[in-house]
2 protein chains.
Amino acid sequence: MRDFTKKLRVLLIDDNANHLRGIKELISLETSYNVVGATRNANLGLSLIKKYRPDIVLMDINMPEKDGLQTIQTINKSGISTNVVILSGYDDSDLIYRAMKLGARGYVLKTMASSKLIDAIETVADGKIYLPSVLTTRFFEYFQNSAREESNIAPGENLLTTLTGRENEVLDLLTQGINYKGIAQQLIISETTVKTHVNNIFQKLQVGDRTNAVLYALTHGFKPSSMQAEKTAA
Amino acid sequence: MRDFTKKLRVLLIDDNANHLRGIKELISLETSYNVVGATRNANLGLSLIKKYRPDIVLMDINMPEKDGLQTIQTINKSGISTNVVILSGYDDSDLIYRAMKLGARGYVLKTMASSKLIDAIETVADGKIYLPSVLTTRFFEYFQNSAREESNIAPGENLLTTLTGRENEVLDLLTQGINYKGIAQQLIISETTVKTHVNNIFQKLQVGDRTNAVLYALTHGFKPSSMQAEKTAA
DNA sequence: AATTATCTAAACCAAAAGATTGAGAAAAAC
DNA sequence: GTTTTTCTCAATCTTTTGGTTTAGATAATT
């Protein structure tokens, strides 16, 4: 939970000088905020983040020089625990989706009332995600669409369900690129037994070689047995 | 946009008889709603949906008999344009994620005030997505986590960049599970030439067989040159 | 002009993979 | 208690794949 006795440290990144000044003024009006930096340059912004460790980074996503999306990723990959709130002129579904996917904690449209921006900062500072209702809908429609396309990978029946427990174990090792000898060693059975299993797998998956078996597995949601515990059978 | 002159047709599915009665009473209090059905059985619910074509389906996701998630999917696959709002006792991240992924338009906790339920119905009926702030945060944290895991696919250097044009073409066919003979036919070159290319690919990708070459390609963002593929399995 | 990278191809060998048949033992299902 | 499934293993054979070397023909680079 946020510490209300300290001022929130905010950093601004926006390539438009007017916006930058405007937002800075707006935020400075709030006594509980402290603008630790404001820059028009994304790369400079990155070093300011490292230097000042702001609680919130308010960033314009539509910057011509550096790709805003890439900047979000860089910030979150740096390991610094700061919260990125996107400021954007566009309510483009794909843009919202990708920004959130890369770790943005909030997304605010420039056309929105300035009180919304304060709302967003408060919400995100409180550890929550801020997305206006309209953008939430946009996001989910995009999300559900791509989910539907992905699920089309396995439209009909899934032949993987016909595999036995042991066959699943063998297939698991096949998808790791291990050969007969290696599989035999790992499962502590003979190589010929592995061959038998593999041939049975081929028949069930209706393929003719291991490469196609692996491809079938990967494109039909095969779950590696790293999750399921099997009898260890000392 | 919603037609406010007509009553909203709502269908309830909840295996708990008390909840079912309670929610029905609650909604009936609102004059703008019309409860067209209320059932404790998911399968029965599906046929009621086909029969009455409700605007909103309020469904409990925690049903012992039939899997609630599966029911959402069935509803949305049926092609009927109804909006599913999930009623759940749990704010489990994975559950929220999967429900929304399968096409739910709203998610309400049973512990929430009843006014929130009305809010949700109104919002969803208006074509928008309803997710309470807390659940939005839960959802996105789960979403961003899985996105981060996926992006770890290609962390270090990518050996794929060292491949020549022809080698890329060969690898492309390899990732389709095609053997030497098939590749030779498609590229109209001899089988031995294909072998040469494949061996060069192995050296560059530092693998010893085609299965591992394919696995390397798939896990390092290999972009197939042609998206058109016809035969699924040989 | 000389070098380098790429694409092509052959020959040969070794190793691995795949196909088939048969069969015993244990567990699960009926 | 019998039947079925699953897991195990062997032997044999064919096909495919992988490893290596060598080398000609272009095309691009220096």
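In what follows, chains carry the letters A, B, and so on, assigned in the order in which the sequence lines appear, proteins first and then strands, with residues in each chain numbered from 1. No hydrogens, no waters, no symmetry mates; every other heavy atom, side chains included, goes into these values. Just so it is clear, the model here is predicted, and its values are computed rather than measured.
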Write down the protein N/O and nucleotide N/O pairs, taken from nucleotides 24-30 of chain D, whose separation is under 3.5 Å; answer none if there are no such pairs.
none

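- Separating the NZ atom of Lys204(B) from the P atom of dC7(C) is a distance of 8 Å, rounded to the nearest angstrom.
- Geometrically, Arg98(B) does not engage Tyr142(B) in a cation-pi contact defined by less than 6.0 Å to the ring centre and at most 45° from the axis.
- One finds a side-chain N or O of Tyr180(B) lying less than 4.0 angstrom from the OP1 or OP2 phosphate oxygen of dG18(D).
- Without hydrogens or angle criteria, Arg210(B) side chain to Thr211(A) main chain gives no donor-acceptor distance under 3.5 Å.
- No side-chain heavy atom of Gln186(B) sits less than 4.5 Å from a side-chain heavy atom of Asp172(B).
- Partners of Thr137(B) by side chain to side chain contact (heavy atoms under 4.5 Å, CB included), not counting sequence neighbours, listed by chain and number: Arg105(A), Lys128(A), Ile129(A), Glu141(B).
- Judged by distance alone with a 3.5 Å cut-off, no donor-acceptor contact links the side chain of Lys195(B) to the base of dG19(D).
- Asn179(B) comes within contact range of the sugar-phosphate backbone alone, with a heavy-atom separation under 4.0 Å but no base atom that close.
- Atom CG of Leu218(A) sits about 9.5 Å away from atom OG1 of Thr219(B), to the nearest 0.5 Å.
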Could you pull out the protein-nucleic contacts involving nucleotides 8-10 of chain D (nitrogen or oxygen on both sides, under 3.5 Å)?
unit_1	atom_1	unit_2	atom_2	d
dT8(D)	OP1	Arg166(A)	NE	3.1
dT8(D)	OP1	Arg166(A)	NH2	2.7
dT8(D)	OP2	Arg166(A)	NE	2.8
dT8(D)	OP2	His197(A)	NE2	2.9
dC9(D)	OP2	Ser190(A)	N	2.6
dC9(D)	OP2	Thr193(A)	OG1	3.0
dC9(D)	O5'	Thr193(A)	OG1	3.3
dC9(D)	N4	Thr196(A)	OG1	3.2

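- Distance CD1 (Ile178(A)) to C1' (dA17(C)): 16 Å, rounded to an integer number of Å.
- Residues passing the side chain to side chain contact (heavy atoms under 4.5 Å, CB included) test with Thr192(B), sequence neighbours excluded: Ser190(B).
- In this structure, Asp209(B) places its CG atom 10 Å from P of dA16(C), rounding to the nearest Å.
- Listed by first and then second residue, the salt bridge (Lys or Arg N to Asp or Glu O under 4.0 Å) pairs involving residues 175-200 of chain B amount to none (not counting sequence neighbours).
- Look at CD1 on Ile183(A): it is 11 Å from C1' on dA17(C), rounded to the nearest Å.
- The distance from atom CG of Leu163(A) to atom C1' of dT6(D) is 13 Å, rounded to the nearest whole Å.
- In this structure the side chain of Pro132(B) never reaches within 4.5 angstrom of the side chain of Lys116(B), judged on heavy atoms.
- In the helix from dA1(C)-dT30(D) to dC30(C)-dG1(D), the terminal helix axes, each the rotation mapping four pairs' C1' atoms onto the next four within five end pairs, subtend 50°, rounded to 10°.
- Distances shorter than 4.0 Å separate some side-chain N or O of Asn199(A) from OP1 or OP2 on dA19(C).
- In this structure, the side chains of Leu117(B) and Leu58(B) come closer than 4.5 Å at one or more pairs of heavy atoms.
- With a 4.5 Å cut-off on side-chain heavy atoms, Ile61(A) and Thr71(A) do not count as touching.
- Atom-to-atom, CZ of Phe202(A) to P of dT15(D) comes out at 17 Å; the value is rounded to the nearest Å.
- Between the CG atom of Asn212(A) and the P atom of dT17(D) there is a distance of 10 Å, given to the nearest Å.
- Atom-to-atom, CZ of Arg210(A) to C1' of dT17(D) comes out at 11 Å; the value is rounded to the nearest Å.
- Nearest approach of Asn76(B) to Ala104(B), heavy atoms of both residues: ND2-N, 4.4 Å.
- Classified by interplanar angle (parallel below 30°, tilted 30° to 60°, perpendicular above 60°), the ring pair Phe140(B)/Phe143(B) is perpendicular.
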